[in-house]
Amino acid sequence: MAQALGYDDTPVLPDSEYRVHDGTRPQPRVVTPGQDGAPPSDAAVLFDGTDLSAWEACDGGAAPWKVEDGVMEVVPRSGSIRTREALGDIQLHLEWAAPSVVEKDGQGRGNSGVFLMGRYEIQVLDGYDNPTYADGITAAVYGQYPPLVNACRQPGAWQTYDLVWLGPRFDGETVTRPACVTLFHNGVLVHHHRTLIGPTAHRTIKPYSPHPETGPLQLQDHGDPVRFRNIWYRALADG
Ligand code: MG
């Protein structure tokens, strides 16, 4: 019966058991997209504005940041926070805002960070009219790759990161697949399938060091009261 959807006399696709327009090919799983910024139906929500129950301090204690009016905010010098859950390859959405009152410049202005697997930082910074080294500006793979463009909104405005993260794979000490990220900042492509050199670092280059295929997502306390909201991810199938 399903055959009626397509054809059974067409060529078989390369590296596939299916023909072109194959009527027996399984349908894509149905996902209901979110309305007005809400997560899609199959997303795992890490922060919905209510509480920090999905998060902890990096020593395993309670997450020390504050939640107010549906937003979480870095409590400067309280420490970075991380998800209780270890995440693998993901699609990630998060929204953040740097302080609206500009007090400092360079790396001192609205600095935070999104650390994938706790090791690989996508820079969060108020990079609007705020020169700093290119591989440390907003949306940079910190210390490795500047974003393709600077898509910053003005200080205080909400901004979005949408990314696809593929973590590294190891065979013993050997890297069999380096980590890779694709990132949209405010809907603008800023990294297209960017391959990471290794873990991100300040003023140095770190080689890959074997680690599990999952790890916590970490948000950085860099001493600035950066805010976050609407954080969710979708786990990607292996490969
Ligand atoms: Mg940072």
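Only a predicted model underlies this, so the values are computations on that prediction, with no experimental measurement involved. Counting starts at 1 for both ligands and their atoms, following the listed order.
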Chemist: With a cut-off of 6.0 Å (strictly less than), are more than 12 heavy atoms of other residues, nucleotides or ligands near OH of Y145?
Modeler: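 Yes.
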Chemist: Could you list the donor-acceptor pairs under 3.5 angstrom formed between side-chain atoms of residues 113-124 and any protein atom two or more places apart in sequence or on another chain?
Modeler:
residue : atom : partner : partner atom : Å
R119    : NH1  : M117    : O            : 3.0
Y120    : OH   : H211    : NE2          : 2.7
Q123    : NE2  : Q107    : OE1          : 3.0
Q123    : NE2  : G136    : O            : 3.1

Chemist: Using a cut-off of 2.8 Å, find all protein N, O or S atoms closer to the Mg ion (ligand 1) than that distance.
Modeler: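 You should have found N111 OD1, S112 O, E121 OE2, Q123 OE1, Q220 OE1.
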Chemist: Could you pull out all residues at least two apart from R25 that satisfy salt bridge (charged side-chain N to carboxylate O under 4.0 Å, His left out)?
Modeler: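 For R25, no residue satisfies salt bridge (charged side-chain N to carboxylate O under 4.0 Å, His left out) once neighbours in sequence are set aside.
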Chemist: Once side chain to side chain contact (heavy atoms under 4.5 Å, CB included) is applied, do any residues pair with A57, and if so which ones, sequence neighbours excluded?
Modeler: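 Partners of A57 under the side chain to side chain contact (heavy atoms under 4.5 Å, CB included) test: D59, P64.
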Chemist: If the threshold is 4.0 Å, N to carboxylate O, is there a salt bridge linking D48 and R229?
Modeler: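 Looking at R229 together with D48, the answer is no, because their closest N to O distance does not fall below 4.0 Å.
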Chemist: Short question: side chain of T138, backbone of G127 - any donor-acceptor pair under 3.5 Å?
Modeler: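 Pair found, side chain donor or acceptor close to backbone of G127.
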